[in-house]
Every structure is written in structure tokens, then in C-alpha cells.
There are 2 protein chains.
Amino acid sequence: MTARTSSENAREIPEATVARLPVYLRALVTLADDGIPTCSSEELATAAGVNSAKLRKDLSYLGSYGTRGVGYDVDYLRYQIAREIGVTKDWPVVIVGIGNLGHALANYSGFRSRGFQVVALLDADPAQHGEIVAGVEVQPFDRLEEIVAAADVAIGVIATPAAAAQSVADRMVGCGITSILNFAPSVLAVPDGVDVRKVDLSLELQILAYHEQRKSQTGALLADGGAA
Amino acid sequence: MTARTSSENAREIPEATVARLPVYLRALVTLADDGIPTCSSEELATAAGVNSAKLRKDLSYLGSYGTRGVGYDVDYLRYQIAREIGVTKDWPVVIVGIGNLGHALANYSGFRSRGFQVVALLDADPAQHGEIVAGVEVQPFDRLEEIVAAADVAIGVIATPAAAAQSVADRMVGCGITSILNFAPSVLAVPDGVDVRKVDLSLELQILAYHEQRKSQTGALLADGGAA
DNA sequence: TCATGTGAATCTTTTCACAGCT
DNA sequence: AGCTGTGAAAAGATTCACATGA
């Protein structure tokens with residue numbers, strides 16, 4: 001669920017494809033780490049958990065980076081996807097709300113290694129201020145504007161309780177942040193041009209519960225759809 | 001598979017709809033908490049962050065729970081959706097991997113209040129054993145089978161490093177778990193009939209980065225939205 | 001010979017627009 | 001008079017299957 005941005009671009013990559021590019025990138029990094037120089041669409045698709053037709057169609061939106069009869073050069077394709085996503089350099093990120101989840105996010109090494117740098121941790125609660133988490137000091141939320149301006153931050157992460165999320169989002173938007181990753185279980189209202197992605201833990205579990213309930217009922221057939 | 005061939009099964013709910021039911025449920029809970037007894041599709045859609053046509057179409061797969069000319073009874077619709085999802089009673093859940101993220105998950109109150117009960121916290125690292133997190137003791141991973149059998153656990157959460165995720169999933173599947181929520185950044189191979197959902201924090205940020213990069217390029221398509 | 005890249009077909013999801021019920 | 005519920009149309013995503021070019 002991202003904001004629509006229309007525009008007639010020849011390079012218009014479908015949203016479903018965009019959502020898979022990071023998966024491909026991670027699979028390529030793993031292959032590269034294993035010393036594999038080249039792969040077929042079949043191999044990469046397996047590593048990424050999709051089928052090869054979908055993979056090839058997805059990659060075709062980026063360009064022709066493979067070699068017919070051979071496959072893909074792992075490093076080359078990896079670079080092309082990283083460039084397309086925009087993670088060839090690090091993005092500065094602020095995290096607001098340093099509770100349990102905020103701590104976990106701040107400590108999550110995957111951010112650093114995948115194109116993001118946590119430049120500030122902010123919390124409204126004075127009791128938290130001064131604590132050092134993953135090498136970064138927790139500061140008052142009121143310093144948001146100052147920090148965003150100084151580090152040219154475009155991406156904000158909200159890990160506050162639901163009640164605070166909208167006002168945090170408003171402040172973020174007000175100081176120029178245009179992408180928000182929201183872990184609070186609330187729907188955010190933001191202006192056009194601001195992207196919001198939501199991660200909701202209990203929502204994911206509820207989707208599993210739905211399918212789980214189906215499985216235990218009837219017993220006629222397991223059905224399912226493969227997931228992932 | 002499936003073959004929408006005739007036969008009963010009038011109850012086939014599209015996956016896209018299933019993924020939104022928990023969102024509607026949460027919106028309804030909020031409305032109920034605010035003391036609102038009735039709402040229109042327009043109001044509920046706004047609260048859920050979707051448009052009203054989509055909401056009505058989604059609800060139509062469950063049945064006819066509204067009243068034409070009036071709207072929906074909040075409590076009644078809430079119960080119907082909860083029943084459809086299968087969260088009218090609690091599901092027992094085990095969490096494996098009690099690092100930063102595992103701690104945050106164990107402490108996350110949203111699980112308890114939304115249909116899930118954390119019955120065990122498991123970790124392979126003996127240094128963690130015995131610690132009490134959110135009132136639950138961290139136990140050795142080897143007790144998995146015993147605990148799953150005793151509490152009839154169907155849903156497992158993996159919050160381990162990527163390297164351990166597949167072997168944890170194998171053990172879970174081996175003892176009868178058929179739904180897995182995976183926070184480790186790795187693709188899990190599981191048999192048919194087992195559902196896996198993945199939450200990948202840096203993947204979400206990378207999707208935002210893609211759109212962010214687009215915004216800063218060209219500059220032509222910045223705000224737009226209503227304009228064009 | 002072989003695997004990519006891609007039109008065409010199929011399936012899914014969203015949106016439209018209004019008939020039908022309160 | 002108004003809002004739901006739903007066919008039908010449109011848009012989007014996936015899969016098929018093979019021409020294409022290394």
C-alpha cells in the first residue's frame with residue numbers, strides 16, 4: 001500500500017515487482033558470498049523463493065542483464081538491482097519510539113548492512129534520554145526537526161504506541177520526511193507524495209490463524225496456496 | 001490446484017481480502033472502544049485506510065452483515081470477522097530465538113490482546129535459559145516437541161539469525177506446527193500444507209528507498225497527486 | 001544447444017455504477 | 001432518501017510457451 005504517483009514513465013516498474021527486488025538482491029548477496037559467479041533464472045528463483053518465469057519477467061523491467069544460453073553474472077546483476085532500488089549508498093534513518101521494539105530495531109544489524117544508517121534514536125520519554133543503544137544516544141523527540149535537517153533524513157521509522165503514531169508522523173512530514181515505516185498498529189493519514197509502509201505483527205499472525213482454522217476444519221483438503 | 005469447479009465451497013475468500021480482514025477487525029475494535037455503535041462502509045473504510053468499494057466487496061465474501069440504508073452494527077460485524085479469522089479464542093504460539101527481536105515480540109502486548117498467547121520462549125543458547133521475559137521463562141530449544149505436543153501449538157514464530165532459521169523450521173514442521181511467522185531474513189523451504197509468512201524489516205525499508213529515489217530524481221513528479 | 005526475454009493467455013484484484021432493500 | 005451488496009468492466013499480476021540470440 002503505497003501512495004500512487006502516476007507519471008508516464010517508460011521505466012514504470014510494477015509495484016509487485018518492486019516488492020520482490022529486495023528479495024532477489026538478498027539472494028544474490030548470498031550467492032556471491034558462497035563464491036558463485038553465475039546463475040540461471042531457475043537457480044536464482046529457487047534461492048529467492050519464486051518461480052523462474054516470474055523472476056525473468058521481473059528482471060525484464062529493469063533491462064536485459066542476462067546472457068541467453070548462459071544466465072546471469074551474480075555480481076553484475078546484484079549491482080544493477082542495488083542501483084535500481086537505490087541502495088548503492090546508505091540512507092540516513094531516524095527511529096522514533098525506543099521501547100522494546102525500538103531497541104530491537106536499533107540493534108538490528110540488517111539495517112546497516114543493507115543500505116541504511118540509523119542516525120538518531122528519539123523518544124518523548126525523558127527517562128530514556130541519554131541511553132546508548134547500538135552506539136547511538138537516545139535523544140528527546142523535540143530534536144527531530146534539527147536532526148532531520150542536519151543529516152538530510154528522508155526515511156523515518158515509527159515504533160511508538162498506536163496513540164502517538166499519528167502525531168509523530170505529522171511531525172515527520174512537517175520537517176520533510178517523505179517515507180515512513182510504521183510499526184505502530186494504526187492507520188496513518190499522510191499527504192500525497194509521502195509513502196507509508198506498515199509492519200503489523202499481530203496482523204500477520206491473524207492471517208496465519210485464518211488459514212490454520214481452515215486446515216483444522218473439515219479436513220477435506222488442506223488447500224493452502226503455498227504462501228511466501 | 002483447487003479448480004474452481006462447481007461444488008460447494010461458496011466460502012472461498014480471496015487472499016487479498018483475507019489479508020485485510022485483520023485491518024478491518026482492528027478498526028472495528030477502535031470504533032467500539034470509542035463507543036460508536038454503527039458505521040457506514042465509508043466510515044469503516046476510512047478508519048481502515050481503504051476505499052469503501054473495496055471494503056464492501058471484501059465484506060460481501062463473508063456474507064451480508066450490513067443493513068441497506070443504514071450501515072453496519074460495529075459489535076456484530078466485529079464478531080463476524082473475528083469468527084471468520086478464527087480469533088474468537090486464543091491460539092497458543094511459541095517463539096524461537098530470544099535475542100533483541102525475540103524479547104520485543106515476547107513483550108508485545110498486541111499478541112495477547114488479539115488472539116494469541118505466547119506459551120513458550122525457546123533459545124538454543126544456554127546463557128538465555130531461565131530468564132523470565134514477559135512472565136514466561138526462556139527454555140532450551142530442545143524442549144520444542146514436548147511443548148508443542150503439550151499445548152497443542154499450531155503456530156510458531158522464528159526470530160533467530162538467518163543461519164538457524166531453516167533448521168528451526170524443520171523441527172517445527174516435524175512436530176506438527178503448520179503455520180510459521182518468519183522474522184529471519186531467509187527463504188524457508190517447507191512442505192505443502194505449511195503456511196509461512198515473512199516479515200523482513202530491511203526489505204520494507206528497501207521498498208521505501210526505491211520510491212524515495214524516484215522522488216528525488218527528475219523532481220517532475222514530486223507532489224502532483226490531485227493536480228495532474 | 002540452451003536459457004533469456006517477451007508477447008499472449010490466464011487468473012486475480014480493484015474499481016465502477018447501480019439494482020435492491022431498509 | 002440512502003447505503004449495501006454485487007454484477008460487469010478495468011487494471012494488474014502471473015503463468016505459458018516459444019522466438020531469439022548467445
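In this text the structure is predicted, and so the values were computed from the model without any measurement. Lettering follows sequence order; numbering is per chain, from 1.
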Subject >> Euclidean distance, R20(B) CZ relative to K57(B) NZ, rounded to 0.5 Å >> reply: 11.5 Å
**OP:** Please state how far atom CZ in R56(B) lies from atom P in dG2(D), giving the value in whole angstrom units.
**Re:** 15 Å
Subject >> Ring-ring centroid check Y72(A) Y65(A), cutoff 6.0 Å >> reply: no
Original post:
Rounded to whole angstroms, how far apart are CG on L55(A) and C1' on dT14(D)?
Top reply: 13 Å
**OP:** Nearest-nucleotide wise, let me know which of A16(A) and G69(A) is further upstream toward the 5' end of DNA chain D.
**Re:** A16(A)
**OP:** Report yes if a side-chain nitrogen or oxygen of R20(A) is closer than 4.0 Å to either non-bridging phosphate oxygen (OP1 or OP2) of dT14(D); otherwise report no.
**Re:** yes
Subject >> From dT4(D), dA3(C), dT13(C), nucleotide with atom closest to E15(B) side chain >> reply: dT13(C)
Original post:
Side chains of T38(A) and D73(A): donor-acceptor distance under 3.5 Å anywhere?
Top reply: no
Subject >> Distance below 4.0 Å between K57(A) side-chain N/O and dT14(D) OP1 or OP2 >> reply: no
Original post:
Should D90(B) and R112(B) count as an ion pair when the cut-off is N to O under 4.0 Å?
Top reply: no
Original post:
Could you give the NZ-to-C1' distance, from K54(A) to dC11(C), as a whole number of Å?
Top reply: 12 Å
Subject >> Below 4.0 Å: OP1/OP2 of dT15(D) and any side-chain N or O of N51(A) >> reply: yes
Subject >> Among dT13(C), dA3(C), dT22(C), the nucleotide that comes nearest once only the side chain of P14(B) is considered >> reply: dT13(C)
Original post:
How close or far is atom C1' of dT4(D) from atom CG of L59(B), stated in whole angstroms?
Top reply: 10 Å
**OP:** Figure out the CG/P separation between L62(A) and dT6(C), and round it to whole Å.
**Re:** 11 Å
**OP:** Among the candidates dC16(D), dT14(D), dT4(D), find the nucleotide nearest to the side-chain atoms of A53(A).
**Re:** dC16(D)
**OP:** Find the distance I13(B):CD1 to dG5(D):P and express it as a whole number of Å.
**Re:** 14 Å
Original post:
Expressed in angstrom and rounded to an integer, what is the separation of R68(A) atom CZ from dA19(D) atom C1'?
Top reply: 8 Å
Subject >> Given dT14(D), dG5(C), dA19(C), the nucleotide with the shortest approach to the side chain of S60(A) >> reply: dG5(C)
Subject >> Note, R26(A) side chain near S202(B) side chain (heavy atom, < 4.5 Å) >> reply: yes
Original post:
Within less than 4.0 Å of OP1 or OP2 of dA22(D), is there a side-chain N or O belonging to Y72(A)?
Top reply: no
Subject >> E43(B) CD to dC3(D) P, straight-line distance once rounded to whole Å >> reply: 9 Å
Subject >> Side-chain N or O of S41(B) closer than 4.0 Å to phosphate OP1/OP2 of dT4(D) >> reply: yes
